[in-house]
Amino acid sequence: MIPKHFSTNLTVPISTFSIVGYDPNNNDFGVAVQSKFFAVGAVVPWAEAGVGAIATQAWANTTYGPRGLELLKIGLTAQQTLDHLLRDDDDRESRQVGIVDANGTVTNYTGKKCNDWAGAFSGQHYTAQGNILAGEEVVEAMGKAYDATKGELADKLTAALAAGQEKGGDKRGQQSAALLVVRKNGGYSGFNDRYIDLRVDDAEKPIQELQRLLDIHKKFFPR
């Protein structure tokens with residue numbers, strides 16, 4: 001039986017809130033996201049160690065992830081990368097994007113056709129963005145929580161999600177969440193850069209479940 005909170009319509013926009021960030025202390029890049037959309041972690045978050053991170057959402061163009069990282073890797077700034085991605089996309093007004101580059105510089109974009117409320121809030125080394133939200137207070141709360149939270153990037157990103165949800169989050173409800181943090185040789189046994197890669201594909205309270213998984217991750221892989 002399909003749970004009643006489960007969305008089966010794959011033609012709807014990814015109404016969601018996400019935050020992209022950079023930690024200069026550990027040189028970590030990451031993305032955290034929550035949405036009333038099944039398995040949002042398979043679509044929105046993209047990151048590469050030493051390069052940057054990208055969140056692509058709304059009527060998401062998933063090529064923004066790998067193409068954007070390629071552009072960042074050759075030395076383009078976050079804004080230059082965004083300009084290139086949008087220039088080649090006829091449906092740019094339906095997209096929403098957040099980017100942080102290797103220098104920790106951020107940029108974001110919300111197309112005019114994204115459903116209300118849609119917009120972003122940025123600070124030093126992070127940008128929070130969302131669409132079909134309860135209001136602007138969602139992304140503002142995310143930014144404040146990110147700034148106020150101590151610890152590693154993963155802690156700051158998940159705290160931002162929780163704060164956004166407390167302000168109403170995605171006004172359609174909750175379903176899935178994800179956390180991706182990359183660090184050079186930070187993966188299992190140092191063989192890759194996937195430092196933290198956690199997904200909650202379908203749950204009534206996905207942010208709480210994501211936090212539970214992060215707590216387990218810390219016990220299995222102590223810093």
Side-chain angles (χ1 to χ4, degrees), residues 14-47 49 52-57 98-100 104 106 108 120-131 133-134 137-170 173-183 186-188 193-223:
I14 302 181
S15 53
T16 186
F17 51 102
S18 68
I19 183 164
V20 174
Y22 167 65
D23 180 0
N25 296 318
N26 297 314
N27 204 30
D28 292 347
F29 295 89
V31 185
V33 58
Q34 195 284 147
S35 181
K36 179 61 174 172
F37 184 91
F38 176 67
V40 71
V43 180
V44 172
W46 300 81
I54 299 171
T56 176
Q57 56 202 51
I99 302 176
V100 60
V106 300
N108 60 69
F121 182 91
S122 299
Q124 186 176 23
H125 303 323
Y126 73 84
T127 177
Q129 48 282 317
N131 62 94
L133 300 184
E137 62 271 17
V138 175
V139 290
E140 290 180 348
M142 293 173 72
K144 291 177 181 178
Y146 182 95
D147 284 330
T149 301
K150 306 299 182 183
E152 292 194 355
L153 182 60
D155 300 306
K156 297 169 76 69
L157 295 174
T158 51
L161 284 190
Q165 183 58 41
E166 287 180 1
K167 292 297 183 179
D170 179 340
Q174 303 181 67
Q175 185 166 356
S176 64
L179 172 66
L180 173 63
V181 178
V182 294
R183 176 186 292 182
Y188 178 73
D193 300 333
R194 200 165 61 243
Y195 182 48
I196 300 174
D197 188 358
L198 303 174
R199 299 182 183 183
V200 179
D201 289 340
D202 183 49
E204 292 187 3
K205 296 183 178 180
I207 297 173
Q208 291 184 21
E209 178 63 8
L210 186 67
Q211 182 64 61
R212 187 184 73 86
L213 295 178
L214 178 59
D215 292 342
I216 294 173
H217 184 280
K218 291 177 178 179
K219 293 177 181 177
F220 272 98
F221 306 102
R223 277 55 172 177

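Here the structure is a predicted model, which means the values were calculated and not measured. These numbers come from the heavy atoms of this one structure, side chains and all, not from hydrogens, waters or symmetry mates.
- Residues forming a side chain to side chain contact (heavy atoms under 4.5 Å, CB included) with Q208 (at least two apart in sequence, or on another chain): K205.
- A salt bridge links R183 to E152: at least one charged side-chain nitrogen sits closer than 4.0 Å to a carboxylate oxygen.
- Every salt bridge (charged side-chain N to carboxylate O under 4.0 Å, His left out) that E209 has, sequence neighbours left out, goes to R212.
- Across L157 and A32, no two heavy atoms sit closer than the pair CB-CB, 3.7 Å.
- Residues satisfying the side-chain hydrogen bond (donor to acceptor under 3.5 Å, both in side chains) criterion with Q34, sequence neighbours excluded, are absent altogether.
- Listed by chain and residue number, nothing satisfies the salt bridge (charged side-chain N to carboxylate O under 4.0 Å, His left out) test with D147 (two or more places apart in sequence, or in another chain).
- Side chain of K36 to main chain of Q175: no donor-acceptor pair is present (N/O by atom type, distance under 3.5 Å, no hydrogens or angles).
- L153 and G21 get closest at one heavy-atom pair: CD2-O, 3.7 Å.
- Residue K218 holds its NZ atom at 3.5 Å from CG of D155, rounded to the nearest 0.5 Å.
- Counting only distance, with no hydrogens or angles, the side chain of S176 and the backbone of F37 share a donor-acceptor pair below 3.5 Å.
- Applying the side-chain hydrogen bond (donor to acceptor under 3.5 Å, both in side chains) test to D170 and every residue at least two apart in sequence or in another chain returns S15.
- F29 is linked by a ring pair (Phe, Tyr, Trp, His ring centres under 6.0 Å) to Y22, counting only residues two or more places apart in sequence or in another chain.
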Under the side-chain contact (heavy atoms from CB on, under 4.5 Å) rule, what do L180 and R194 come out as? Steps first, then yes or no, please. CA-CA 8 Å; L180 173 63; R194 200 165 61 243; 4.2 Å; yes

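- When all heavy atoms are compared, the tightest approach of G169 to V138 is N-CG2, 3.6 Å.
- Y146 and Y126 have tilted rings, their planes meeting at an angle from 30° to 60° on a 0 to 90° scale.
- Annotation: the span from L133 atom CG to T16 atom OG1 amounts to 8.0 Å, rounded to 0.5 Å.
- Considering every non-hydrogen atom in both M142 and A160, the closest pair reads CG-O, 3.2 Å.
- Here D23 pairs with N25, N26 under the side-chain hydrogen bond (donor to acceptor under 3.5 Å, both in side chains) rule; sequence neighbours left out.
- In this structure K144 satisfies the salt bridge (charged side-chain N to carboxylate O under 4.0 Å, His left out) test with no other residue, sequence neighbours excluded.
- For the atom pair F17 CZ and Q57 CD, the distance stands at 10.5 Å (nearest 0.5 Å).
- With sequence neighbours left out, the side chain to side chain contact (heavy atoms under 4.5 Å, CB included) criterion links A141 to A163, K167.
- Rounded to the nearest 0.5 Å, atoms CG (L214) and CD1 (I207) are 13.0 Å apart.
- Here F121 pairs with nothing under the ring pair (Phe, Tyr, Trp, His ring centres under 6.0 Å) rule; sequence neighbours left out.
- With sequence neighbours excluded, no residue forms a side-chain hydrogen bond (donor to acceptor under 3.5 Å, both in side chains) with T149.
- Atoms CG and CZ, from D202 and F38 in turn, are 6.0 Å apart once rounded to the nearest 0.5 Å.
- A145 approaches A159 most closely through the heavy-atom pair CB-O, 3.7 Å.
- With sequence neighbours excluded, the residues that form a side chain to side chain contact (heavy atoms under 4.5 Å, CB included) with A120 are N108, T127, Q129.
- The minimum heavy-atom distance between V20 and A55, with the atom names listed, is CG2-CB, 3.6 Å.
- For the atom pair L213 CG and F220 CZ, the distance stands at 11.0 Å (nearest 0.5 Å).
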